[in-house]
Amino acid sequence: MAVSFDHRAIEKKWREKWEQNPININDGKKPKYYCLDMFPYPSGNGLHVGHWRGYVISDAWSRYKLMQGHYVIHPMGWDAFGLPAENYAIKNGVHPAISTASNVKNIKKQIQDIAAIYDWDMEVNTTDPEFFKWTQWIFVKMFKEGLAYEKEFPINWCPSCKTGLANEEVVNGRCERCGAEVTKKNLRQWMLKITKYADRLLEDLDTLDWPEKVKKMQTDWIGKSYGAEVDFGIEGRDEKITVYTTRPDTLYGATFMVLSPEHELAKSLATDETREAVENYIYEASMKSNVDRMQAKEKTGVFTGTYAINPINDQKVPIWLSDYVLADYGTGAIMCVPAHDDRDFEFAKKFGLPIVQVIAKDGVEIDPLEEAYTNAEGLVINSGEWNGMESSVLKKEAPDMIEKAGKGRRTVNYKLRDWVFSRQRYWGEPIPIIHCPHCGNVPVPEEELPLLLPEVESYQPTGTGESPLAAIDEWVNCKCPVCGADAKRETNTMPQWAGSSWYFLRYVDNHNDQELVSKEKADQYLPVDMYIGGVEHAVLHLLYSRFYTKFLYDIGAVGFEEPFHKLFNQGMITGKNGIKMSKSKGNVVSPDDLVNNYGCDSLRMYELFVGPPELDAEWDDRGIDGVNRFLRRFWTLATDSVEKNVPASKAMIKERHKLTYDVTTRLEAFSLNTVISAFMEHNNALMDIAKKEGGIDIETIEVFARLLAPFAPHIAEEVWERCGHDETIFHSEWPSYDEKLMADDSIEIPVQINGKTRAVINVAKDIDKDSAIAAGREAVSDRLAGTVVKEIYVPGKIINIVVK
RNA sequence: GCCGGCAUGUCGGAAUUGGCAGACGAGACAGACUCAAAAUCUGUUAUCCGCAAGGGUGUGUGGGUUCGAGUCCCACUGCCGGCACCA
């Protein structure tokens, strides 16, 4: 009687059919929907169940959009430049291109197990010359626009990876990739002027449908602040020192000044008496690492012996040096208001410097202040003509007052720094620049791109700040494309972010050798409607991609400014006790056996059922039994019902509409775990009905299958076929629901006395207030003691009788 | 230190606008089937008192608003994430 459920046979059958007759077809009429996964690095370790999660989420969403009548762009590719392949090459002598290709092959096979509707004709690989030709082309364009420039300065240097790092790649003073302590190294670097886009990157966040958390992280990273620059004269000298402050309203309280030890005037401010101490201090500061500087328990500093003049009151204020002042933020010099800043307060206490309170705390001046009154707001005091003002008002007006008096100017500052873009490693895109002794830096002519990586004997990073490419004379030595003189190639390569900053533009036109992407295709298919990936790229990849897209918009290569309209960050799948899955921890769960034992559909369902998609979830293999049981019960119910072919009953129709409502609304809310719950709950209800009525009508089974199709595509397709359909379920419409058919004739209403439920009454759904209350009183009559003060009836929800 | 988020049974989690807390699943326990086990099916499963009917308590802690609070407000505790001397 019962048709046995053989997931292997069913999945194999449909995989082959979909291969022959793809279900996601572009007929040129359907609206497009671009659903993108963050493309993976093809690691030699393969995929674990955590990688699956994001891909299942995006595929279920893509299939839903497909059934809603969209042509879905759902591509996959490989972010294949980067250190692991290179480190593998160093260890084993295998060219990164070879190990990468074999990793891509393995992971592609694993990804195909998910049965996602990826369009493999769109596949891209960042290490493919056909692709990185355009990565280099973008760089050349940026160079021509003045956005890529060379600079020598002390950059973040990872001594383990032996390469420079961008600011975004330093986490708590450590290398984002390997965790080694980051040091400073003076290096000639290629930089990208991302700071030019700071305001646009900030303002356009408002236009994005992204998690607030990610927007906030980008906002904080860009770190825009408003304030003023104030020019302080130097006693006995013509020069000025300009400071940046966000609190110009506290200028009267500036009792000393501190310069970063790297400040250009630092050394020259020393007097004969202080010279030795000042030079020692500057030297010591230069030797400190980021981590040392961050973990400093106590402030250090040295008096230069020289005084500045506070322009607001002509007071002499001593100039000190201290490494708590950052050289590369603002002007590298600050005015210190110890009464209203913790750091200045600590410094003043330690070195016995004067403290002048200029904003009254709770309306009074406190003498002496026990601690700094920070983020001060209130009445301005000890401030000459400013006395009696509200600090919040003065804060807004002071910059203009200072500017009018010729003592400074209104200004803004950003925490965002330009992007250190060169890496001293082999396995990356060569930076297409030629250094000519006559012409300076000359870009490789666009028609000569891609500039390929040469073969090397040793992939070992040199550690000197040159990449391994520098050792290959025949590659390095070239002719200047402008004047023909002997010249040398740039030997640094690009960071891994270079390819990932724009790859999503390339999928839709991946073999175009004339343009990065054709205007027609870009207009037709881009930008990305839904982007799904982990939150770890909040300020790296996602910020860089926005910057690249804005640049490409500015040069007319694309017609939109923001690459990703909607962003969804899925949570991480961890091992037991929330420990991140890793080979070294030995807690990696591979999807391969699970697919084999339970089937792709079961694993897909469980990946979604494991918890809210945006939260981390601990993996527990046992849970997959639950969804597997559900699928098998549905299978049995469906195949039995097809055989019995019973007519639809009122209960079946009601259940069908309730299911459609629950699945659709929960799916729209991206509450994917509760979508799966809805399937289980309604399947249980249908099984009960089938027990009583001998089966379920075929239309209800069909609706169930259609709703299930984005999640468990194989079983849904098989059931659909058994219901008598020749064409794929994915070309059927997404079911709609009718709220009238969902509703019960009667409803249950709890009756409370003083907020405690004492009875539940069953009444007609459109009962009026008086009848409802009467029925409620009747139901709890034996408990009604005392005087009724109030009766509350919330239609269809609750009756509450308040008794005294 | 600053900024954000979270806290519900044994476990993962659910609960539209404040309206029966614990849906759905895992696990456990009991029963059916079986020589037996697995699988499957049926039932029970927040906690306390009670044979039961029934009643008390209960969403990190303490308070508040409300007829009514997991949900709103105030204070606190714990965990997670971001930034980290940004003047």
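The figures here come from the full heavy-atom set of this structure, side chains too, leaving out hydrogens, waters and symmetry mates. In the text below, chain A, chain B and the rest are named by the order of the sequence lines, each starting its count at 1.
Using a 4.0 Å heavy-atom cutoff across all strands shown, A/E346 reaches no nucleic acid atom at all. Within the 4.0 angstrom heavy-atom criterion, no nucleotide atom of any strand lies near A/E212. As judged by a 4.0 angstrom heavy-atom cut-off over every strand, A/V610 is placed among residues touching the sugar-phosphate backbone only. No contact: A/T665 has no heavy atom under 4.0 Å from any strand. Residue A/D342 is out of contact with every strand shown, counting any heavy-atom pair closer than 4.0 Å. Here A/N413 lies out of heavy-atom contact (under 4.0 Å) with every strand. Nucleic acid contact class of A/Y661 (heavy atoms, under 4.0 Å, all strands): base. Looking at heavy-atom distances under 4.0 Å, A/R633 makes contact with sugar-phosphate atoms alone, never a base. At the heavy-atom level, A/K415 lies under 4.0 Å from base atoms of the strands shown. Nucleic acid contact for A/N800: base, since at least one base atom lies under 4.0 Å from a heavy atom of the residue.
For B/A7, the paired base is B/U77 (Watson-Crick or G-U wobble, both distances below 3.5 Å). Pair assignment for B/A14: none, as no Watson-Crick or G-U wobble contacts are both less than 3.5 Å. In this entry B/G43 has B/C29 as its Watson-Crick or G-U wobble partner, both defining distances falling under 3.5 Å. Across all strands shown, B/U71 has no partner, as no Watson-Crick or G-U wobble contact with both distances under 3.5 Å is found. Partner assigned to B/G1 is B/C83, using Watson-Crick or G-U wobble distances below 3.5 angstrom.
Classification of the A/Y661-A/Y737 ring pair by plane angle, with boundaries at 30° and 60°, yields perpendicular. Between A/F704 and A/F634, the angle of the ring planes stays under 30°, which puts this pair in the parallel group of the 30/60° scheme. Ring pair A/F568/A/F670 is tilted by interplanar angle, where 30° to 60° counts as tilted.
Nucleotides B/G25 and B/U40 are separated by 13 Å at their P atoms, to the nearest Å. Taking atom C1' in both B/G12 and B/C49, the straight-line distance is 31 Å, to the nearest Å. If you take atom C1' in B/C2 and the same atom in B/A84, they sit 8 Å apart, rounded to whole Å. The C1' atoms of B/A39 and B/G54 are separated by 41 Å, rounded to the nearest whole Å. When the P atom is used for both B/C51 and B/G62, the distance is 31 Å, rounded to whole Å. Distance noted for atom P between B/U44 and B/A53: 14 Å (whole Å). Across the P atoms, B/U61 and B/A7 are found 13 Å apart, a figure rounded to whole Å. B/A26 and B/G63 have their C1' atoms separated by 38 Å, given to the nearest Å.
A/I792 has its CD1 atom 15 Å from the P atom of B/G18, to the nearest Å. Atom NZ in A/K215 sits about 19 Å away from atom C1' in B/G81, given to the nearest Å. Distance A/E614 CD to B/C6 P: 10 Å, rounded to the nearest Å. The distance between atom CD1 of A/I798 and atom P of B/U17, rounded to the nearest whole Å, is 17 Å. Here B/U57 presents its P atom at 5 Å from NZ of A/K756, a figure rounded to the nearest Å. One can place CG of A/L615 at 11 Å from C1' of B/C80, the figure rounded to the nearest angstrom. Between A/I753 atom CD1 and B/C67 atom P there is a gap of 17 Å when expressed in whole angstrom units. In this structure, A/K691 places its NZ atom 10 Å from P of B/C41, rounding to the nearest Å.
OP1 or OP2 of B/G25 lies within a sub-4.0 Å distance of a side-chain N or O belonging to A/N684. Residue A/R629 places no side-chain N or O under 4.0 Å from the OP1 or OP2 atom of B/G25. Between A/Y329 and the phosphate of B/A87, there is a side-chain N or O to OP1/OP2 separation shorter than 4.0 Å.
For the residue pair A/D418 / A/T195, a side-chain donor-acceptor distance below 3.5 Å is found, with atom types taken as modelled. A side-chain N or O of A/E377 and one of A/S391 form a donor-acceptor pair less than 3.5 Å apart.
Ranking B/U40, B/C83, B/A87 by closeness to the A/T245 side chain, first place goes to B/A87. In this structure, of B/G13, B/A87, B/G19, it is B/A87 that holds the atom nearest to the side chain of A/I334. Closest contact between the side chain of A/M217 and the listed nucleotides B/G12, B/G19, B/G82 involves B/G82.
Interface remark: the A/K216 side chain does not form any donor-acceptor pair with the B/C3 base, using a distance-only criterion of under 3.5 Å.
Closest approach of A/D323 to A/Y281, counting heavy atoms only: N-OH, 3.0 Å. What you find for A/G301 and A/F351 is that their closest heavy atoms are N-CZ, 3.7 Å.
Ranked by how close their nearest RNA chain B nucleotide is to the 5' end, A/V802 and A/I676 are led by A/I676. Taking for each of A/N754 and A/G626 the nucleotide of RNA chain B with the nearest heavy atom, the 5'-most of the two is the partner of A/G626.
For B/G27, the O4'-C1' to base torsion is more than 90° from 0; the nucleotide is therefore anti.
Residue pairs meeting the salt bridge (charged side-chain N to carboxylate O under 4.0 Å, His left out) criterion with at least one member in residues 244-255 of chain A, sequence neighbours excluded: A/R247-A/D249.
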